[in-house]
Amino acid sequence: MNSSRGKVVTKKFIEIIVKPDEINGQFSLGATLSSGQTSEASWVRANSGFWNVEEVDGQLLKYEVRQVGTVEKPTLHVKLIGMHSSQSSTAIKDYLTKILRLNDDLKEFYSKFRNDPVEVTFNPCKGLRLMLASNPFESLICSISSQNTSIKHWNSIIQSIKARFGKKVLLLDGSSFYMFPKPKSLARVGEDAIRSCKAGYRANYILTASRLVAEGKLDLVKLSKMSYEEAHRSLLGVYGIGPKVADCFLLYGLGFTEAAPVDVWVHRIIQQLYKKSMSVNQVRAFLRNRFGLWAGYAGLYLFHFARLRSSQLV
DNA sequence: AGCCAGGCATCAG
DNA sequence: CTGATGCATGGC
């Protein structure tokens with residue numbers, strides 16, 4: 001069992017495998033983690049996969065996920081570093097299934113809307129899945145930081161916030177990682193400090209939201225138990241949070257799949273595909289009415305498709 | 001140099 | 001309610 005006293009080299013990690021029959025339909029890890037979702041800022045690309053660090057059952061855990069096989073028959077290899085022997089690998093599997101949304105029935109999405117103009121996105125985006133943020137507060141700040149700037153820039157804002165105000169942890173493989181600060185820590189640092197993370201005018205929004213969460217006036221758990229409309233309405237009351245940021249957080253932070261964030265990309269592509277001139281608000285209503293609980297997926301596919309096309313990859 | 005990026009608060013009408 | 005404008009920052 002314990003090899004640390006023997007001649008055998010201690011195995012520092014455990015590897016688990018997620019098989020095709022544990023994934024509901026197609027999956028593309030690469031597309032999913034490269035699609036600019038506001039839940040993914042913390043994932044790091046390395047080797048042939050991606051890694052992240054999270055607290056699972058109060059235990060710090062680094063996981064490296066790599067896809068083998070095809071998009072149609074996907075298999076995931078997950079390397080776990082720092083796992084206690086008391087933790088079951090099925091608990092880890094459940095956790096990954098939840099945040100990579102492996103139970104979402106993608107084939108149903110494709111077949112249900114195969115006669116809709118959104119169908120043109122299915123092939124180029126095949127296997128793309130929504131992701132659920134593992135830390136709702138981090139997702140809230142990511143969503144706020146992402147407004148009116150590039151994906152690259154808001155990712156760098158988040159990295160700076162983590163490096164400046166987050167706790168540094170050392171991992172068993174020798175690497176280190178900055179955790180996202182807790183609401184109370186971030187609420188304490190002041191606007192100038194947040195501004196120095198190149199957050200610009202968003203610094204005030206970030207600080208305001210952090211204070212509200214720290215003081216319990218913005219209860220993320222309570223929000224997750226409301227209806228979508230109710231939760232959206234109450235988020236709009238927060239300074240710095242508008243319709244798009246609220247939808248980002250509800251979708252990626254809390255898992256409301258009927259939320260479809262409408263940004264400039266989605267606004268443009270919807271008007272092109274459906275040949276109708278619409279305001280941002282009209283597009284938002286349009287997506288919700290047409291796609292219901294699949295609106296989040298439709299929005300993500302349209303967003304990713306539009307960006308792929310503009311970079312000449314399609 | 002000027003415009004755009006996963007927008008929002010504010011103010012005018 | 002809808003429409004115009006300023007706002008930090010970085011990339012092209």
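All values derive from a computational prediction rather than experimental measurement. Letters A, B, ... mirror the listed sequences (proteins, then strands); counts begin at 1.
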From C-beta outward on A/Tyr201, which listed nucleotide comes closest to its side chain: B/dC8, C/dC7, B/dA5? C/dC7
Does the ring of A/Tyr239 meet both stacking tests against the six-membered base ring of B/dA9: centre distance under 5.5 Å and plane angle under 30°? no
Indicate the ring-plane relationship of A/Trp265 and A/Phe303, choosing parallel, tilted or perpendicular according to the 30° and 60° boundaries. perpendicular
Looking at A/Leu171, is its backbone amide N or carbonyl O close enough to the side chain of A/Ser175 to form a donor-acceptor pair, meaning the two atoms are under 3.5 Å apart? no
Nearest-Å distance for atom pair CD1/C1', residues A/Ile194 and C/dA8: 14 Å
In whole angstrom, give me the gap between the P atoms of B/dC8 and C/dG11. 23 Å
Protein-nucleotide distance (A/Met131, atom CE; B/dG6, atom P), rounded to Å: 18 Å
What nucleic acid atoms does A/Ile241 come within less than 4.0 Å of, heavy atoms only: base, sugar-phosphate, or nothing? sugar-phosphate
Specify the separation, in whole Å, of atom NZ of A/Lys244 and atom C1' of B/dA9. 17 Å
In whole Å, I'd like the distance from the CD1 atom of A/Ile269 to the P atom of B/dA5. 13 Å
Donor-acceptor check, side chain of A/Thr32 to backbone of A/Leu128, threshold 3.5 angstrom: yes or no? no
Classify the nucleic acid contact of A/Gly240 as base, sugar-phosphate or nothing, counting any heavy atom under 4.0 Å across all strands shown. sugar-phosphate
Without decimals, in angstroms, what is the distance between A/His267 NE2 and C/dG3 P? 10 Å
Would you measure the distance from the C1' atom in B/dC4 across to the matching atom in C/dG6 and give it in whole Å? 16 Å
Strictly under 3.5 Å: I want the nitrogen or oxygen pairs between protein and nucleotides 9-12 of chain C, one per line.
none

What's the gap between C/dT5 and B/dC3 when it is taken at their P atoms, as a whole Å value? 13 Å
When you compare the side chains of A/Ser210 and A/Arg188, does any donor N or O come within less than 3.5 Å of an acceptor on the partner? no
Rounded to whole Å, please give me the gap between CZ in A/Arg284 and C1' in C/dC1. 16 Å
Integer-rounded Å distance: B/dG6 P and A/Gln37 CD: 14 Å
So what does A/Phe249 touch, heavy atoms closer than 4.0 Å: a base, only the sugar-phosphate, or nothing? nothing
Determine, using ring centers only, whether A/Phe113 and A/Phe291 are less than 6.0 Å apart. yes
Is it true that A/Tyr110 and A/Tyr301 share a donor-acceptor pair across their side chains at a distance under 3.5 Å? yes
Quick check: any donor-acceptor pair below 3.5 Å linking the side-chain of A/Tyr252 to the base of B/dG6? yes
Sugar-phosphate, base or nothing in reach of A/Val245, heavy atoms under 4.0 Å: sugar-phosphate
Can you confirm whether or not the ring centre of A/Phe180 sits under 6.0 Å from the ring centre of A/Phe165? no
Sidechain-backbone polar pair: A/Glu191 side chain, A/Ile206 backbone, donor-acceptor under 3.5 Å: no
Between A/Leu300 and A/Leu236, whichever has its closest DNA chain B nucleotide further toward 5' is A/Leu300
Distance check needed: B/dG7 C1' versus A/Asp247 CG, whole Å only. 13 Å
